[in-house]
Novice: 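Handing you this structure, nothing more for now.
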Amino acid sequence: MTTCRIHSIETLGGVDGPGVRCVVFFQGCPLRCLYCQNPDTQCDEGGREVSITELMRTIKRMRPYFGSEGGVTLSGGEPLAQPAAVAEVLRACRAAGIHTAIDTSGACDTPAAREAAALADLLLLDIKHPDTVICKALTGCGLESAMTLLKAAQARQQAVWIRHVVVPGWSDTPACIDELADLLAPFSCIQRIELLPYHRLAAEKYRALGQPLPLPDTPAADPVAVRKLQQQLNRAMRLIDFSAGRP
Ligand code: SF4
């Protein structure tokens, strides 16, 4: 019986993919992003073990809420750090006609992770910084593996939504957003790019874990400034602006 280690399940998620979604947060992540809002999902040993059978039972119970657009998003932590379980869930969802998405940093570039990633209807891929050196300083990992995943998605024309957290002092300049647009412009598989403002709401989680907040002096990103950067990016990418109305 295949099992996996999960942190939690959000049964009526509204931001991690289209429609109403059941979001499964996998436990464990190989990265240590300085702006991480879910530090409690990083450690491989935390969370709880569940069988895929139990997970699918929960997912199927939520089915009436999915409507025509919604479905399941496997998030984390890093779901592709548990590729066998992810592949099994995705196959089971596909057999049941449930839309699937993986929310990933792309940091796990293994044959099993690549195989699992290919099974999702949609990839929510974090590009954490367009400069690989700064990306490594910010997260512990350069850009290469995320770009490998994006190139594979392009080759198979798998739908991708890019997410990028705007962190003051790190990734909040128009020049950085231009660099991001240049990096992503060749990829027709990208359907939307969301800039997400860095916030400090995880301070309490870090305190509870007995860890210092990694960016103690970095303020939350100004939502108005982020909105302007989003418009700049959408113009550069000729993408529809989906951010209107988002907090
Ligand atoms: S990839 Fe996500 S869960 Fe992992 S450290 Fe970065 S922000 Fe946190």
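All ligand and atom numbering here is 1-based and tracks the order in the structure.
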Novice: Taking the non-hydrogen atoms of Gln37, is any one of them nearer than 4.0 angstrom to ligand 1?
Specialist: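 Distance cut 4.0 Å: Gln37 fails for ligand 1.
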
Novice: Among the heavy atoms of Thr139, does any lie under 4.0 Å from an atom of ligand 1?
Specialist: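 No; Thr139 lies far enough from ligand 1 that no heavy-atom distance drops under 4.0 Å.
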
Novice: Give the residue, atom name and distance (to 0.1 Å) of the protein heavy atom nearest atom 2 (Fe) of ligand 1.
Specialist: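 Its nearest protein heavy-atom neighbour is Lys128 NZ, 4.2 Å.
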
Novice: Side chains of Val86 and Phe26, heavy atoms from C-beta outward: is any pair under 4.5 Å?
Specialist: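 Yes. Closest side-chain heavy atoms under 4.5 Å.
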
Novice: Is it true that Glu115 and Arg91 have a side-chain N and a carboxylate O under 4.0 angstrom from each other?
Specialist: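 Salt bridge flag = yes for Arg91 with Glu115.
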
Novice: What residue and heavy atom of the protein are closest to atom 3 (S) of ligand 1, and at what distance?
Specialist: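 Looking at atom 3 (S) of ligand 1, the protein heavy atom closest to it is Gly77 N, 3.6 Å.
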
Novice: Starting from atom 8 (Fe) of ligand 1, locate the nearest protein heavy atom and write down its residue, its atom name and how far away it is, to 0.1 Å.
Specialist: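 Residue, atom and distance for the closest contact: Cys36 SG, 2.3 Å.
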
Novice: Mind running side-chain hydrogen bond (donor to acceptor under 3.5 Å, both in side chains) on His164 and Glu194 for me, showing each step along the way?
Specialist: CA-CA 6 Å; His164 175 79; Glu194 289 180 308; over 6 Å; no

Novice: Counting heavy atoms only, which of Ala202, Cys33, Ala81, Gly76 comes nearest to atom 6 (Fe) of ligand 1?
Specialist: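 Looking at heavy atoms only, Cys33 sits closest to atom 6 (Fe) of ligand 1.
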
Novice: May I ask you to say whether Asp16 pairs ionically with Arg163, meaning some side-chain N is under 4.0 Å from a carboxylate O?
Specialist: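 So Asp16 pairs with Arg163 through a salt bridge.
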
Novice: Which heavy atom of the protein is the closest neighbour of atom 4 (Fe) of ligand 1, given with residue, atom name and distance?
Specialist: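 Scanning the protein heavy atoms, the shortest distance from atom 4 (Fe) of ligand 1 goes to Cys29 SG, 2.3 Å.
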
Novice: Judged by modelled atom types alone, do Gln42 and Asn38 share a side-chain donor-acceptor pair under 3.5 Å?
Specialist: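 Judged by distance alone, the side chains do not pair up.
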
Novice: Testing the 3.5 Å rule here: is there a donor-acceptor pair between the side chains of Asp121 and Thr100?
Specialist: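 Result is yes, a qualifying pair exists.
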
Novice: Using heavy atoms and a 4.0 Å limit, tell me yes or no: is Glu78 in contact with ligand 1?
Specialist: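 The answer is no, since Glu78 has no heavy atom less than 4.0 Å from ligand 1.
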
